[in-house]
Number of protein chains: 2
Amino acid sequence: MTRTHRTLETKDVRPGTEVVLAGWVSRRRDLGSLIFVDLRDRSGIVQLVFDTAKGTTKTAMELGDELRSEYVLTVQGTVELRDEKSVNPKLETGRVEVVVKELQILNGSKTPPFYIQNDVDVDETVRLRHRYLDLRRPQMQQMLMLRHRVNQSLRSYLNEQEFVEVETPILTKSTPEGARDYLVPSRLQTGSFYALPQSPQLFKQLLMVSGLERYYQFARCFRDEDLRADRQPEFTQLDIEQSFVPLETFQSMMEEMLQRVFQDVLGVEVQRPFLRMSYAEAMDTYGSDKPDLRFGMPIVRLDEAVADTAFRVFKDAIAAGGTVRALVAPGCAGYSRKQVDDLTKFVAPYGLKGLATVAVTEDGIKSSIAKFLTDDEMQRLVSAAGAGTGDLILIAAAEISVVRQALGALRLHLGEDLQLIDENIYKFLWVVDFPLLSYDEEEGRYVAEHHPFTMPKWEDLDKLESDPGSVRAQAYDMVLNGYEIGGGSMRIYQREVQERMFRALGFTMEEARKQFGFLLDAFEYGTPPHGGIAFGLDRLVMIMGHGKSLRDCIAFPKTSSGTDLLMSAPSGVSEAQLDVLHLSLRKGKPVEPLV
Amino acid sequence: MTRTHRTLETKDVRPGTEVVLAGWVSRRRDLGSLIFVDLRDRSGIVQLVFDTAKGTTKTAMELGDELRSEYVLTVQGTVELRDEKSVNPKLETGRVEVVVKELQILNGSKTPPFYIQNDVDVDETVRLRHRYLDLRRPQMQQMLMLRHRVNQSLRSYLNEQEFVEVETPILTKSTPEGARDYLVPSRLQTGSFYALPQSPQLFKQLLMVSGLERYYQFARCFRDEDLRADRQPEFTQLDIEQSFVPLETFQSMMEEMLQRVFQDVLGVEVQRPFLRMSYAEAMDTYGSDKPDLRFGMPIVRLDEAVADTAFRVFKDAIAAGGTVRALVAPGCAGYSRKQVDDLTKFVAPYGLKGLATVAVTEDGIKSSIAKFLTDDEMQRLVSAAGAGTGDLILIAAAEISVVRQALGALRLHLGEDLQLIDENIYKFLWVVDFPLLSYDEEEGRYVAEHHPFTMPKWEDLDKLESDPGSVRAQAYDMVLNGYEIGGGSMRIYQREVQERMFRALGFTMEEARKQFGFLLDAFEYGTPPHGGIAFGLDRLVMIMGHGKSLRDCIAFPKTSSGTDLLMSAPSGVSEAQLDVLHLSLRKGKPVEPLV
């Protein structure tokens with residue numbers, strides 16, 4: 001018996017059609033002379049009916065009796081319409097059923113450790129240990145298929161635009177900059193190591209030097225970082241680079257690509273051009289370089305409004321070079337003392353000692369700082385905040401970076417808490433004009449914010465020596481719903497600019513050559529102007545598929561300690577394996593495996 | 001000035017069209033008042049003309065004077081038809097030229113270490129060290145683009161057939177079977193190691209357990225082997241797996257896929273169905289499990305024809321269980337003693353002590369063994385070999401494996417030497433019915449020829465205990481022009497068969513569980529019948545692009561010692577990097593880096 005149809009297709013065939021289906025037993029109800037089985041395959045579920053009165057063979061009936069959850073089978077039978085009263089509106093195939101004639105059990109199954117259904121209430125470690133069963137759940141399968149469709153849609157756009165997909169090495173060279181590399185000891189050259197790439201950055205720039213003009217790759221990248229809750233040691237980025245293209249044209253193509261993928265995969269129309277916001281504005285208005293624009297609630301500046309008050313907290317903050325800023329929480333004027341305390345606790349980890357509150361109620365203004373401000377001053381504050389009746393103004397006074405971070409986080413917290421966020425809209429923007437350099441107090445020098453090959457803005461180039469901190473980069477992040485989904489820059493391609501950049505970073509050319517020699521060599525043989533971007537594919541899929549974590553978007557993810565619970569990796573290896581690598585494990589207590 | 005056209009497009013625009021081009025100086029001829037520059041971009045080359053009489057600005061003329069090979073520039077100018085007599089038929093754009101108005105030099109270039117042209121006579125290490133320049137050569141760019149097109153064509157077929165692309169981990173677990181793993185020390189769990197995958201075999205089988213039904217991936221694979229001339233430590237395979245599909249249907253789909261890619265990329269029509277040949281027949285007739293069928297010259301069996309001769313060499317070989325077989329070399333009857341000696345030397349490394357020769361000339365038969373055979377016997381031999389006038393019969397007598405290997409190699413040697421091979425035809429076949437097991441004298445047990453999850457042929461299943469060596473596998477290789485381009489099998493999915501297989505391999509179930517526990521666990525939860533294949537993408541591209549080595553088909557390849565000459569990887573790492581991994585290099589002389 002060879003499968004002729006997928007289960008989902010039974011809803012579209014003529015009643016009476018004979019089909020052969022294959023799949024798994026999702027559910028089985030035995031009514032004695034009748035057996036009902038929900039048969040699941042990749043496309044969905046259809047109900048099988050075993051009924052000798054309708055032509056089920058005796059053998060099939062007996063085998064039907066043996067069926068249990070997750071048994072694998074093929075059936076031959078006839079698609080029939082259900083009675084009006086037994087139609088199941090919850091099932092896509094709910095208007096039909098398949099009356100079984102013959103049955104073949106292809107394989108049995110032990111009772112699974114959890115139900116194969118969408119909402120499964122089981123510890124994630126159990127799911128990861130039995131990932132092959134977890135992936136059998138329809139929502140996980142749908143996520144894999146969504147990822148596939150996202151992938152193919154992105155490709156199709158890039159192929160149309162004549163980008164060439166090129167694979168770059170996984171076994172490559174360790175570089176001292178950036179995050180920590182994963183190392184791979186070489187056996188043929190003991191004492192030497194390959195490194196897994198943190199990104200194909202250098203390769204893609206070399207491909208531009210080689211005249212490929214338009215490159216892309218779905219590139220696996222690796223960072224040996226201390227893993228936070230939602231990070232993976234290996235991840236996939238869509239890596240793109242292009243020569244001879246102005247920044248605006250490139251950004252516009254990337255917008256078109258995202259528009260395409262949202263249309264293709266979700267049927268959602270994304271508006272273009274995307275909003276552009278400078279890094280400075282994003283930080284000022286949303287306290288974040290990746291603002292979630294699905295709701296408003298901007299941070300408002302009260303420095304001028306409160307400049308003349310006698311309130312010491314405000315005065316001292318401003319005098320110390322800090323700032324007084326606020327959020328206006330709509331409809332929260334009636335917040336209890338406890339609710340306000342909770343918000344204060346929420347911002348404490350960001351270094352903010354407290355929140356002053358001003359509630360604009362129908363009965364007038366109620367404020368924690370009422371006694372420090374005159375009525376006039378209070379009115380000025382409320383008006384500067386733009387608050388109306390029912391609103392609660394939450395005021396922070398401290399140094400700028402603390403206020404931004406705290407209010408940025410509080411804004412997101414309130415947005416969620418007050419249900420201001422529509423999960424079904426997608427707000428894209430470009431954050432641009434990032435600073436090129438930032439001063440590293442520890443190292444006592446400027447360091448590159450992006451990487452040392454990022455092009456300064458032409459109009460800021462003159463300040464590279466005189467005021468390095470004020471130079472903006474030709475760098476850009478694409479932000480979606482509060483996540484950075486992509487980031488890139490135009491690259492330096494002229495030797496003279498590159499040398500000035502290295503000097504700004506405090507490198508001698510000798511040091512620069514030692515670290516990036518082969519790239520600097522390459523750059524001397526006719527490097528075209530070029531730039532690019534890299535998108536975090538796992539995150540994009542997570543947002544599009546409404547996943548709860550990156551782990552939901554990766555077929556075989558690792559835990560936060562980097563453990564593959566299914567395979568039990570990493571694991572010990574034999575002494576012989578270390579012998580050929582000329583390596584020894586050091587003495588001392590090895591770190592206990594974490595989960 | 002922003003590029004409006006690619007150079008190749010100039011051949012299709014109306015004369016007089018104003019264009020902006022960008023690219024590299026391929027060649028420059030300065031005739032004083034005239035300058036000609038061949039401008040190269042990804043699409044090709046077009047001639048630029050600098051001529052103030054035709055409107056080139058004075059500035060552009062001066063800049064044109066500065067141009068040297070591999071300078072990067074943009075030009076604005078007008079496409080004009082060339083005079084009839086200056087048309088260049090070797091250039092796709094040879095009927096036109098671009099009269100330059102304005103020029104901008106985007107970047108200079110040092111003199112490259114070799115010419116950027118197709119046939120470059122320079123040591124490969126120089127090319128690899130400057131790979132970014134090597135890749136600028138048109139034939140290398142074309143290979144990258146061919147690879148891209150192969151890739152996308154394969155994808156498009158698989159997507160249409162509803163295969164889902166899934167990425168599987170690169171950081172995975174070391175397994176004791178197969179080739180040597182590359183290891184990656186874990187920092188968070190010191191003393192433990194990840195391994196880079198030799199193939200996603202286990203993951204793709206797990207995806208079938210998870211009900212995905214149709215999977216593919218362009219998977220990076222890693223083997224830490226002693227590299228032969230044309231092997232790479234990392235390579236790409238197109239990995240495919242499918243559930244609920246009979247072997248024949250699956251093979252037929254794969255044929256359709258290959259037919260599609262040859263049509264799409266090369267415009268070559270491949271005939272289907274592909275020839276099927278058993279392993280036994282391939283070995284017998286071509287002395288190879290990957291026969292090149294672009295020419296004939298099968299190995300012929302002479303055992304019966306020579307059975308009654310008095311010639312000791314033949315008699316002894318047959319008596320010892322060996323065989324007498326021959327190749328018929330067309331048109332070689334006139335080979336000199338020296339030419340025959342060269343062939344004898346060629347087969348010596350395969351363990352063959354000599355070749356008996358029979359030349360069928362117009363003047364009768366001339367043979368190195370004339371004195372040992374009667375005329376009748378000689379006639380019988382010639383007739384059994386199927387030789388005609390002008391042919392040279394080359395006879396080998398020894399044990400079967402030696403004769404096969406030697407004549408198989410000699411056949412390929414002669415095929416090339418006699419120019420019997422048409423480089424522009426593509427002969428596909430499936431080699432099937434491989435033995436499931438082979439006896440390993442060293443280990444004193446049977447070992448799996450493919451892997452322990454390969455399904456035996458149903459009709460041979462009964463012999464798994466009684467005569468394991470005779471059991472054939474449901475395994476298949478796809479062979480093209482003498483290369484194995486793909487290999488796969490149907491997998492065991494029933495616990496009972498798997499246990500019998502492990503017993504045949506001499507494993508206790510405990511040992512099997514220790515090695516493959518998580519897979520055996522998975523197999524207990526409703527495993528569907530499934531099977532798949534993996535294609536060597538690098539090799540397929542090499543054949544399709546007529547590359548000379550795998551290195552020609554990989555953007556950034558490694559040498560035979562696993563060295564990336566461009567990046568200088570592998571390389572030493574800092575003590576601090578080893579510290580965090582809790583690893584020490586052993587004392588003693590490290591192996592010298594090889595090139």
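Values reported hereafter were calculated over all heavy atoms of this structure, with side chains retained and with hydrogens, waters and symmetry mates removed.
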message: For A/Glu165, is there an ion pair with B/Arg147 - N to carboxylate O distance below 4.0 angstrom?
response: no

task: Return yes if a side-chain donor-acceptor contact under 3.5 Å exists between B/Ser174 and B/Asp181, otherwise no.
output: yes

field: Proximity breakdown for A/Arg149 and chain B, heavy-atom pairs closer than 4.5 Å
entry: neither

- prompt: Contact part of B/Leu537 toward chain A, heavy-atom cut-off under 4.5 Å: side chain, backbone, both or neither?
  reply: side chain

Contact leader toward chain A among B/Val573, B/Val245, B/Thr172, where contacts are heavy-atom pairs under 4.5 Å: B/Val573

Polar contact flag, side-chain donor to acceptor under 3.5 angstrom, A/Ser210-B/Arg136: no

field: Which atoms of B/Ser186 approach chain A - backbone, side chain, both or neither, heavy atom under 4.5 Å
entry: side chain

query: Between B/Leu581, B/Leu144, B/Leu135, which shows the greatest number of heavy-atom pairs under 4.5 Å with chain A?
result: B/Leu135

field: Part of A/Ser568 lying under 4.5 Å from any heavy atom of chain B
entry: both

- line: Note: B/Cys553 and B/Met143 closest approach over all heavy atoms is CA-CG, 3.9 Å

Heavy-atom contact with chain B under 4.5 Å, split by part of A/Arg68: neither

message: Is A/Pro529 in contact with chain B via its backbone, its side chain, both, or neither, using a 4.5 Å heavy-atom distance?
response: side chain

task: Flag the one option from A/Thr527, A/Leu207, A/Ile554 with the top tally of heavy-atom pairs under 4.5 Å to chain B.
output: A/Thr527

field: Region of A/Phe222 in contact with chain B, defined by heavy-atom distances below 4.5 Å
entry: side chain

task: Check whether A/Asn151 gets within reach of chain B through its side chain, its backbone, both or neither, counting any heavy atom under 4.5 Å.
output: side chain

message: Check A/Arg220 with A/Glu167, please: is the shortest side-chain N to carboxylate O separation under 4.0 Å?
response: no

query: Given that the side chain runs from C-beta out, which part of B/Arg42 has a heavy atom under 4.5 Å from chain A: side chain, backbone, both or neither?
result: both

query: Highest number of heavy-atom pairs under 4.5 Å with chain A: which of B/Leu73, B/Leu519, B/Thr111, B/Asp134?
result: B/Thr111

task: Indicate whether the side chain of A/His530 and that of A/Gln242 have a donor and an acceptor atom separated by less than 3.5 Å.
output: no

- prompt: With distance as the sole criterion, is a donor-acceptor pair present between the side chains of A/Tyr132 and B/Asp521 under 3.5 Å?
  reply: no

message: Between A/Asp41 and A/Arg3 (salt bridge meaning N to carboxylate O under 4.0 Å), is one present in this structure?
response: yes

query: So what's closer than 4.5 Å to chain B heavy atoms on A/Leu21: side chain, backbone, both or neither?
result: neither

- prompt: Relative to chain B, which of A/Asp226, A/Thr74, A/Ile116 shows the most heavy atom pairs under 4.5 Å?
  reply: A/Asp226

field: Proximal component of A/Val166, with respect to chain B [non-hydrogen, under 4.5 Å]
entry: side chain

task: Using non-hydrogen atoms and a 4.5 Å limit, figure out which bit of A/Ser571 sits close to chain B: side chain, backbone, both or neither.
output: both

